[in-house]
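This report refers to the structure that appears directly beneath it.
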Amino acid sequence: MTSPYICSILLNSAAVLLLAAILLTMVRLIKGPTVFDRILSFDGIGVSMIGLLVITSILWNSSQFLDAILVYCIFGFFGTVAFSYYLHLTYELEDSEEGSIND
Amino acid sequence: MIDTRVKSPILAFFIRYIFFFITIFAVYIFLKGHNAPGGGFIAGIIFAISLVILNMALSADEMKQILHYDPLQIATTGLFIAYGTAIAPVFFGYPFMLHKMIHLHVPLLGNLHVGTPVLLDFGVFLVVVGVTTKMTFTFSHSS
Amino acid sequence: MAIESLLLIAVFLPLFIAPVVGFFARSLSLNVAWIGIGTAITSASLIGRIIKLTKGLPFVISYNWVPAFDLQLSFLVDGLSLFFGLVITCIGAFVLFYARFYMSLKDENGRFFAYLMLFMFAMLGTVFSNHLLLTFLFWELTGVASFLLIGFLYNKPESQKGSLMALIVTGTTGLVMLLGILLAKSVFGTYDLSLLIAQRDSLVVVGALPTAVMALMLVGAFGKSAQFPFHFWLPNAMAAPTPVSSYLHSAAMVKLGIFLTARLFPIFSHNPYWGDIIVTVGFITMLIGAVYSILSHDLKAILAYTTVSQLGFLMGVYGLGHMQLLEHDFFHILNHVFYKASLFMVAGIVIHIVGTKDIRKMGGLFRIAPFAGMATLFACMAMAGLPGTMGFISKELMLETLLHNAQSHGGIAWVWVGTIIMSAICLFATSLRFFKTLFMGTVPLDLKDSLHAPGLWIQLPPLVLASCLIIFGLNPELLGHALAGLTVSGMHAIKMSHLALWHGLTTPFLLSLTISGLGVGLYTLFERKHWQMEIPKQLRFDTAFNNGLEGLATLSKRLHSWLRLDQSQDYLGIVISYIVLMSSGFILYYLPLSTIRFDWIRLEHIPATVIGFVICVFSIAVVTQKKWTTRLIALSVVGFFISFYFVIYRAPDLALTQMLIESVSLILMLLLLSKIPKGMAIKEEASVYTGAKKRVVLLISVLSGFVMMIVLWFLLSDPPATKLGDYFIDKTNSLAGGSNAVNTVVVDFRGFDTMGEISVLVIATLGILGLLMRWQGPTEESK
Amino acid sequence: MTDIIASSFIFAGALFVFIGTLGLLRLPDVFCRGHALTKAMTLGTTFIFGGAMFFFDHQADAIKLFVAMAFQFATIPLSGHILGLVALRKNVPRFKHRDTLDC
């Protein structure tokens, strides 16, 4: 078993795992009763995308996308903080979610 | 001005370091713009984002104290710099907007290829920062 | 000094003085007029010096301005331009002198005199310019200056309406002239007037295209000189202060059309239609102007209509094109300039004294304003064409030519003789009425106490101008010699025929006697009717023009209500469906569907399709979700994946920019949403789209998606051979010194666009801030 | 040899992120989900970035990755904290375990 062969298996399987993570988070994003769940899933998607980006840049062995990775991190953090800041300004309970909490 | 800050000590503590980090990143992106992905526009937005995040944690007057110029003034100075670099070559008899590259050898950093495009980029940088922050601040402070 | 510098100073001096005048207005107020008079006199003396230097030989000066469009800053100095230059500057000096005493201290004098200087510059530019495009440029500049001057008293509604009408009419006719100029370039191959005049014999002037050029240029001239179809803007321009009316609308601007016809005469005179068009339009205008002047009662309107008729007469001079008439064309022009400028000035004085503009309420002003009375007497004599004045000589010449023309051609020529006789009669009656009611008779009772005598200085300019009429009328030889120096090649014969006051008992003299008799009869007839007649409603072109403007507005309102579109999104629907129809039409018509090939699909496209699928899912989520925050989250996730697209296609710059734009627009949207008061938010969500409208919108979006797909297929099946990017990539290092092509393009290759964009960015922010400031209102009320 | 360790690190990171997403799906209310997701993501990204640093021989890229790791290590908990704080202040309905306490 030559080492580069094992590496590519591990990396590709990691990529598949991350893609699965993204799909699962999407379920929560669409189903999510409260807005906060949706923001959480948005953050989750952000992070898994960063993971995917890292793996692709390793597979392509190009160092161009490292800045993009940093910007993705910034956007992930910034998006979440912006959404929570918005909710901090406007969120009132009565327009709360329709689903019951214990599903 | 109603206080719109998110009052949390952790955020208050961390915000300065995050702002500092993102600003350095913006400067890095700005300087390497000419030869690698980056440039005035992108750096401008990154710096604007860091200011916005800072704005969330600090109240209006603290922000004014940090950014003691009105953002629109920043934008107009950026505009002024950009137009200046465009018109300057005309005074030296060169055609309009001719960029001049200066190759200097700095003892510490090796030889540097600095040029007037960087100035134009800096103008763009200031304009973008000024415009974005002006709009975000008017929205968030005026409620 | 060389002629070039003399001319450049003469033409550009008023332009430099205009801001100076504006600047000193606060400190000097009315005395700022002396600066204006000074510039006018210096320009006039410079032009005089040029006349001596060139001794009548045409002289061209040209500098390269925009070689790409072969636009040169070129000036032609010949008899015609020098004559008009002199007229503009001398009359300008008189008008400025008059304005010094006419304008009151509380007027914004700085602005007024600056506009006058700007106007003088524009006029001199038009008159001296040799390049057709340059003439057009200055032509429009005079239009702008006249707009500013007519609308000087901007708070009065009629001056607003008048200036707007003047601008629209002169502007559109100017555009028609531009068409003519461009056509001339393609037909004759050059913009250069002196060249055209030099080759006038070899130029093929007969035929469809040259006639089209001539007609288009003439429309511009007719518009500016208020000829028949466009005559209605001049009476409405009387809302301007009197110095403006006496300068622009009698001596200078309206003469531009005459100048242009004179300038084009050598080029187009061989064209068979030249005479017919100009004579018909000119003489119809003359008749209409004369008849209307009898029927109207506003003091300045009467003078305006007489100007219109006199302009028609002058057009006729160039239309007939007889050597005998042309020799003394300057004489005819000067005659009108003198008497019309002085009459307008007198009108200004009278309106100041009496206060009203209606001629029927005036009378017996001779005792109060004797000099003005004298000036009006001379001017009215010239207008009526009584012997002893320049007017008489110019009418005699015209009558002679017309009779000679009628005997030789017969038919239509007799009609022209008839028109000129009728308009002469009306002119005679108006001038008689003007002088008699204004200065003779008794002062009407209600005016008795409110009369106050005008200053002496204000009456001086009209008196001087009017007395010139008499001096040159009695011995025209004086003027003949002066004008002889200003011969124009191609128009004036070398030997000037003898100008005399008395030609003996020729038929024209008998004719003018009958004209004055009939004129007196017409006056008494109208006097007995106490001047009750009005210009018939349907003949009033200006009301028709205004109704046309309002009609447009009501039409658009009705269209808007017919389409029943209240929300802005509905317009989006119309725009997109239009795009879809156009592109699908284009595709079906031009691109055969058979060319689509699918062999470009390869394995590495799979990740992109997966991402594409995810993007579709979330965009549907964006549309279907009800609450704003969820929509926004879905939107930013879509943004995430699109930037991931760019990563897959190896475009790090684009990925960075896309991601950052996403974040900034996200924060702005969020902050904006936090501003929307609760009540509005809920209403907004409910009324998204319901029932039929939903189906239509769905259909349009599906169609547009489908069409876009087909367009992409075509593009992918045969990709374009050369890509723009390759040029920039291999040039970026050598030319711009940076290896990142994207950035060098933004900053260096297309730096000009970047400068444009950042200024647009700042301007847009200012606009948004403006809206925001005003928008604060609702949030406060709704809280 | 180091490649294999590095790619196994990345695989472990991806696994953690995947588990975090599972938590996001299964857990009952906003705070538990936030709790699970943030912890898993922080650990996951640290592993991914740690593993990726070995692949880029050029020193500058490794530093960029380290910086991104540090940034993520600081900001993901922070965004989780802010979200939880805002959710708490807006007293989003919380999960109360029924069968043990009252009913």
Side-chain angles (χ1 to χ4, degrees), chain A residues 3-4 6-11 13-18 20-25 27-28 31-34 36-37 39-41 43-44 47-48 50-51 54-55 57-58 61 63 66-67 69-70 72-74 76-81 83-85 87-88 91-93 96-97 100-103, chain D residues 1-4 6-8 10-15 17-22 24-25 28-31 33-34 37-38 40-42 44-45 48-49 51-52 55-56 58 60-61 64-65 67-68 71-72 74-76 78-80 82-87 89-96 98:
Chain A
S3 69
I6 299 167
C7 286
S8 60
I9 295 171
L10 280 171
L11 285 179
S13 47
V16 166
L17 261 175
L18 281 173
I22 290 178
L23 292 175
L24 287 174
T25 342
V27 169
R28 172 52 64 192
K31 200 157 69 86
T34 61
F36 292 93
D37 306 317
I39 299 174
L40 269 179
S41 49
D43 205 6
V47 169
S48 5
I50 293 167
V54 167
I55 292 167
S57 61
I58 292 171
N61 198 6
S63 70
L66 296 177
D67 302 319
I69 291 168
L70 255 169
Y72 272 46
C73 308
I74 293 176
F77 165 69
F78 174 74
T80 326
V81 170
F83 273 116
S84 41
Y85 180 69
L87 292 173
H88 160 74
Y91 188 82
E92 269 85 27
L93 197 56
S96 69
E97 313 328 307
S100 75
I101 200 61
N102 302 335
D103 56 4
Chain D
M1 188 50 194
T2 55
D3 287 2
I4 296 173
S7 45
S8 57
I10 291 176
F11 180 75
L15 197 65
V17 169
F18 180 73
I19 294 162
T21 342
L22 281 182
L24 182 72
L25 268 177
D29 80 345
V30 177
F31 302 99
R33 291 175 196 141
L37 196 69
T38 328
M41 282 200 301
T42 335
T45 32
I48 290 178
F49 280 117
F55 282 96
F56 292 97
H58 194 277
D61 304 340
K64 255 187 234 170
L65 277 170
V67 160
F71 181 76
Q72 282 293 59
T75 49
I76 295 177
L78 184 61
S79 59
I82 294 171
L83 203 64
L85 191 68
V86 171
R89 290 208 180 117
K90 300 290 176 181
N91 43 55
V92 169
R94 307 206 16 210
F95 167 70
K96 292 186 182 53
R98 287 280 183 288

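In what follows, every chain begins at residue 1, and chains take the letters A, B, ... in the order their sequences are listed. Just so you know, these numbers use all the heavy atoms, side chains as well, and skip hydrogens, waters and symmetry mates.
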I19(D) versus chain A, heavy atoms under 4.5 Å apart: side chain, backbone, both or neither?
neither
Could you walk me through whether C73(A) and T75(D) pass the side chain to side chain contact (heavy atoms under 4.5 Å, CB included) test, one step at a time?
CA-CA 9 Å; C73(A) 308; T75(D) 49; 5.9 Å; no
Check L40(A) against L37(D) and note the closest heavy-atom contact, atom names and distance.
O-CD2, 3.4 Å
Taking every non-hydrogen atom, the tightest pair across T21(D) and A21(A):
CG2-O, 3.2 Å
Distance col, row L83(D):CG vs F36(A):CZ, nearest 0.5 angstrom, shows 6.5 Å
Of A12(D), G80(D), S79(D), the largest count of non-hydrogen pairs under 4.5 angstrom with chain A goes to S79(D)
Determine the option with the most heavy-atom pairs under 4.5 angstrom with chain D, choosing from G44(A), S41(A), G76(A).
G44(A)
What is the minimum heavy-atom distance between F56(D) and S63(A), and which atoms define it?
CE2-CA, 4.1 Å
Candidate list I58(A), L10(A), L17(A), test side chain to side chain contact (heavy atoms under 4.5 Å, CB included), partner I10(D), passing option
I58(A)
If you look at every heavy atom in L70(A) and A68(D), which pair is closest and at what distance?
CD2-CA, 4.0 Å
For chain A, find which of V67(D), L25(D), I48(D), D3(D) contributes the most heavy-atom pairs closer than 4.5 angstrom.
L25(D)
Contact check, side chains of L24(D) and L24(A), non-hydrogen atoms, under 4.5 Å:
no
Minimum heavy-atom distance between L87(A) and K90(D), given as atom pair plus value
O-CE, 3.4 Å
Chain D heavy atoms under 4.5 Å from I50(A): which part of the residue, side chain, backbone, both or neither?
side chain
Counting heavy-atom pairs under 4.5 Å with chain D, which one of S48(A), G51(A), S13(A) comes out on top?
S13(A)
Euclidean distance, F11(D) CZ relative to I9(A) CD1, rounded to 0.5 Å:
11.0 Å
Contacting moiety of I74(A), where chain D heavy atoms sit under 4.5 Å:
both
Among the options S8(D), A14(D), A6(D), pick out the one with the most heavy-atom pairs lying under 4.5 Å from chain A.
A14(D)
Please walk me through it: do F55(D) and S57(A) pass side chain to side chain contact (heavy atoms under 4.5 Å, CB included)?
CA-CA 10 Å; F55(D) 282 96; S57(A) 61; over 6 Å; no
Identify which part of F18(D) has an atom lying under 4.5 Å from any heavy atom of chain A, answering side chain, backbone, both or neither.
both
Between I39(A), T80(A), V47(A), which residue shows the highest count of heavy-atom pairs closer than 4.5 Å to chain D?
V47(A)
